Trainee: 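Take this structure first; my questions come after.
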Amino acid sequence: AERTVPPALCGFLFKVPRRKGSLSEHAPPCTVHTMRSTVTILLALVLFGVSSGEFFVPPFYRQLAPSKATPSSGADVYVLQHFLVRGGFAREVTKVYDEATARGVLAFQRRTGLNETGIVDPETARAVIESLGRDFYRDDLSAPLPDGVLYKVHIPVFLNRTMETHATLYDRNMRPLHKFRVGTRGQTDAEGEDLNQFSHNGYTPTGLWRIDLNSPEGDAKEYGPWPVNRLVEGLAGNAAFLATEKTSGMYIRDGLLMHTGEWAGWKPWDELPRSHGCIHAPPEDIHKVWQILVKIGVEVRKNPFTSRHYPFKPQGLMSIELVDEIGA
């Protein structure tokens, strides 16, 4: 069996905080094999001065090419195929890097002026995200909400997620109940660049979500002392393939919440702290949202600490919409 590496050392090298409720809690263990691979990459950086542009952007982490012997599969292939279908370069998502996928990549490379290889290298991976990562999801905020849905949270976001925005809480007839400041910025990579929404611990993904009110997480410092809203399942936009169980059985992003925290040294006029993909809001607003939701008949469900195999019927919706390119 592969030997694992102490979490502290793993976290230092890979910049992956493994904490309860975050996606990284479910990440594969750090092993001696992966450690050796990382050391090799670091040595290459030091000895040969390899530029960051020659490395993959998550969720891509390896070269993808067709192979009849052992076809590549995994989250990177799954996300790539959704991008190719979106751009009209492929017809279906098979979760396997097959010949059809390679032809789609070749067509994309031809369209964008890249080397036509049919292989996903770092340059192609970056180009795919930049060209096809935007979902163009739009919410018309129509009323009333579908039967059984008691509330909705609408959050406009910008390409530049350093710009905080304001979320609006609506009742089932789309009457505004509360407007409040939110942040949807995730963590950074080893070079200090923001992780995108297709990355573990990156930006909160855009699109339409089913959400539900859960009891407190139990760690007031990280999540605040009040009930949290859990992002259960994606329905439209990028959320639809990054967090869906019924159609694909895959959760690229899990453990996402709308919550606050008892952040050390934080003041109400400060920028909201980075999250691990969650929506952060000031303490008084999360407290008020909880009170309003209970008042309009929303139940506080026992927290399952995950969205996978969620045991309740979600009571709300959340719409995260890229509104324009201000700050890009």
Side-chain angles (χ1 to χ4, degrees), residues 15 23 41 50-65 72 74-91 93 95 97 100-138 155-163 165 183-208 234 236-243 250 252-253 274-275 277 320-328:
K15 307 291 185 183
L23 179 61
I41 293 172
V50 180
S51 69
S52 62
E54 297 173 9
F55 285 95
F56 286 98
V57 175
F60 303 105
Y61 63 94
R62 57 179 173 169
Q63 181 173 283
L64 294 173
S72 297
D76 51 350
V77 176
Y78 174 76
V79 172
L80 170 68
Q81 289 179 331
H82 274 282
F83 287 160
L84 294 176
V85 170
R86 174 180 290 169
F89 300 103
R91 294 182 178 180
V93 175
K95 306 182 191 177
Y97 198 91
T101 304
R103 288 195 297 271
V105 170
L106 187 65
F108 171 80
Q109 291 170 329
R110 184 178 301 117
R111 177 81 60 84
T112 53
L114 299 172
N115 291 331
E116 298 176 24
T117 62
I119 296 172
V120 178
D121 55 15
E123 186 179 18
T124 299
R126 287 177 179 271
V128 164
I129 291 177
E130 290 172 3
S131 301
L132 304 174
R134 184 168 179 174
D135 56 18
F136 294 97
Y137 165 74
R138 288 290 178 264
I155 304 176
V157 296
F158 302 112
L159 283 176
N160 183 354
R161 296 288 184 101
T162 62
M163 299 179 64
T165 60
T184 60
R185 196 179 186 187
Q187 296 296 299
T188 60
D189 62 18
E191 296 184 348
E193 295 185 7
D194 284 356
L195 291 172
N196 61 48
Q197 62 182 294
F198 312 105
S199 313
H200 297 348
N201 301 319
Y203 294 160
T204 312
T206 53
L208 182 65
N238 287 331
F241 66 86
L242 292 174
M250 295 192 72
I252 310 300
R253 304 297 302 271
R274 289 178 178 271
S275 72
I320 304 175
E321 181 180 0
L322 185 62
V323 290
D324 61 30
E325 299 186 4
I326 293 178

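Keep in mind the model is a prediction, meaning the values are calculated, not measured.
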Trainee: Donor-acceptor pair, distance only, cut-off 3.5 Å: does the side chain of T184 make one with the backbone of T204?
Mentor: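 No, because the side chain of T184 does not come within donor-acceptor range (under 3.5 Å) of the backbone of T204.
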Trainee: Taking F198 as the fixed residue, which of F60, Y203, F83 is the one that meets the ring-ring contact (aromatic ring centres under 6.0 Å, His included) rule?
Mentor: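 Filter result, single survivor: F83.
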Trainee: Please lay out, stage by stage, how F56 and D76 fare under the test side-chain contact (heavy atoms from CB on, under 4.5 Å).
Mentor: CA-CA 11 Å; F56 286 98; D76 51 350; over 6 Å; no
Trainee: For the residue pair R274 and G186, what are the closest heavy atoms and their distance?
Mentor: NH1-O, 2.8 Å
Trainee: For the pair R161 and D194, find out whether any cationic side-chain nitrogen is under 4.0 Å from an anionic carboxylate oxygen.
Mentor: no
Trainee: Between A65 and I119, which heavy-atom pair has the shortest distance, and what is it?
Mentor: CB-CG1, 3.8 Å
Trainee: Should we count CZ of R62 as having more than 12 external heavy atoms under 6.0 Å?
Mentor: yes
Trainee: Can you tell me how far NE2 of H82 sits from CG of L242, rounded to the nearest 0.5 angstrom?
Mentor: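 L242 CG to H82 NE2: 8.5 Å, rounded to 0.5 Å.
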Trainee: Examine distances only and state if a side-chain atom of Q197 and a backbone atom of T206 form a donor-acceptor pair shorter than 3.5 Å.
Mentor: yes
Trainee: For V128 and V105: C-alpha separation, side-chain torsions, deciding distance, then whether side-chain contact (heavy atoms from CB on, under 4.5 Å) applies.
Mentor: CA-CA 9 Å; V128 164; V105 170; over 6 Å; no
Trainee: Can you name the nearest heavy-atom pair linking I320 to P205, along with the distance?
Mentor: CD1-O, 3.5 Å
Trainee: Which pair of heavy atoms, one from I252 and one from A75, lies closest together, and at what distance?
Mentor: CD1-CB, 3.5 Å
Trainee: Rounded to the nearest 0.5 Å, how far apart are CG of L64 and CD of Q81?
Mentor: 9.5 Å
Trainee: Would a distance-only check, ignoring hydrogens and angles, find a side-chain to backbone donor-acceptor pair under 3.5 Å from N196 to G202?
Mentor: no
Trainee: Considering residues at least two apart in sequence or located in another chain, which fulfil the side chain to side chain donor-acceptor pair (under 3.5 Å) criterion with Q109?
Mentor: T117, T124
Trainee: Please check: side-chain N/O of Y78 versus main-chain N/O of F241, any donor-acceptor pairing under 3.5 Å?
Mentor: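 Answer holds: yes.
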Trainee: Locate the shortest heavy-atom distance separating D135 from G207; write the atom from each residue and the value.
Mentor: OD2-N, 3.9 Å
Trainee: First locate atom OG1 of T101, then atom CG of L106, and finally report the distance between them rounded to the nearest 0.5 Å.
Mentor: 12.5 Å
Trainee: With distance as the sole test, does Q187 use its side chain to make a donor-acceptor pair with the main-chain N or O of S275 at under 3.5 Å?
Mentor: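 Yes, because the side chain of Q187 sits within donor-acceptor range (under 3.5 Å) of the backbone of S275.
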Trainee: Under a 4.5 Å cut-off applied to non-hydrogen side-chain atoms, are Y137 and L322 in contact?
Mentor: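 No - every pair of side-chain heavy atoms lies 4.5 Å or more apart.
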Trainee: Flag yes if more than 12 heavy atoms outside R111 fall under 6.0 Å of its CZ atom; otherwise flag no.
Mentor: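 For R111, atom CZ is not crowded (no more than 12 foreign heavy atoms under 6.0 Å).
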Trainee: Under a 3.5 Å cutoff, is there a donor and acceptor pairing between the side chains of R86 and N238?
Mentor: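 Yes, side-chain donor-acceptor contact under 3.5 Å.
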Trainee: State, with a plain yes or no, whether a side-chain heavy atom of P59 is found less than 4.5 Å away from one of I129.
Mentor: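 Answer yes - side chains close enough.
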